[in-house]
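Beneath this line is the structure, given in C-alpha cells, with notes to follow.
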Amino acid sequence: MMDTVDRNTRSKIMKSVPQKNTKPEMRLRKALHRMGFRYRLHDKRLPGSPDLVFPKHKAIIFVHGCFWHRHGCKQTTTPKSRKEFWKAKFKANIQRDKKNILELENAGWRVIVVWECELKNSDQNDLFEKIQDFLLNVKTV
C-alpha cells in the first residue's frame, strides 16, 4: 500500500511525534509527585535517557508507548504501508530497549517499564501502588 502523503510530509509528521513529556508520562509524573516521590527527568548520562530517575531509591521508570515499543496490547498496531521498514524499526526499538535496561541493571539500577495502556485505564490505583512498592522495596546486596 502506498503512503497517502509524500516523503517530506511524512518526515515532518513523524518528527512531530513527541518523545518526551507525553500525556502518559505526565500523568505518571503528577501521580508520583502527589505521592511524595521526587525524581530527575530524562537523564542523558544514563543509557536510554530514562523518563524518570529516582537516585534515592536507585530506581528507574521508563514510560513506553505501546506502539513504538511493541507492548503486544491492542494499541500495538503496524502500519500497512512500508511493512519492511516498520518491521526493522520496531525490531531495533525492542533491541535498544533490552540493551538499555541490561546496561542499567548491570550498573546497579532497578528498572521498571510502565506501558501507555496501563496509564489509560480508569482505575490506576493498583498501578501506582505497584510502582510505590517497587520504589520503596530496595533490596540491598
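Everything quoted here is computed from the prediction, not taken from an experiment.
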Between [X] and [Y], is any pair of side-chain heavy atoms under 4.5 Å apart?
X    : Y    : result
L136 : H57  : yes
D97  : V113 : no
Y39  : R29  : yes
T78  : R70  : yes
W109 : I101 : no

Q.
Among residues at least two apart in sequence or on other chains, which ones pass salt bridge (charged side-chain N to carboxylate O under 4.0 Å, His left out) with K130?
A. E118
Q) How would you list, by chain and number, every residue that makes a salt bridge (charged side-chain N to carboxylate O under 4.0 Å, His left out) with K99, sequence neighbours excluded? A) E103
Q: Output the rest of the hydrophobic cluster of M26: all Ile, Leu, Val, Met, Phe, Trp and Tyr residues reachable through side-chain heavy-atom contacts under 4.5 Å, sorted by chain and number.
A: none
**Q.** Partners passing side chain to side chain donor-acceptor pair (under 3.5 Å) against R27 (at least two apart in sequence or in another chain)
**A.** none
Got a second to check how far [X]'s [atom1] is from [Y]'s [atom2], nearest 0.5 Å?
X    : Y    : atom1 : atom2 : value
C66  : K120 : SG    : NZ    : 7.5 Å
E25  : L52  : CD    : CG    : 6.0 Å
T76  : E116 : OG1   : CD    : 9.0 Å
W115 : H71  : CH2   : NE2   : 5.5 Å
T77  : Q75  : OG1   : CD    : 8.5 Å
F134 : I61  : CZ    : CD1   : 6.5 Å

Q: Any side chain to side chain donor-acceptor pair (under 3.5 Å) involving residues 83-93? Give me the pairs, sequence neighbours left out, ordered by first then second residue.
A: N93-R96
Using the rule that two of Ile, Leu, Val, Met, Phe, Trp, Tyr join whenever any of their side-chain heavy atoms come within less than 4.5 Å, decide whether [X] and [Y] are in one cluster.
X    : Y    : value
V53  : L135 : no
F54  : L127 : yes
F37  : V114 : yes
W68  : I94  : no
I112 : L104 : no

Q) Between L102, N100, N106, I60, which is the residue that forms a side chain to side chain contact (heavy atoms under 4.5 Å, CB included) with P47? A) N100
Q | Sub-6.0 Å ring centroid separation between F62 and H69 | A | no
(Q) Filter on salt bridge (charged side-chain N to carboxylate O under 4.0 Å, His left out), then keep only pairs touching residues 30-53, sequence neighbours left out; what's left? (A) D43-R45
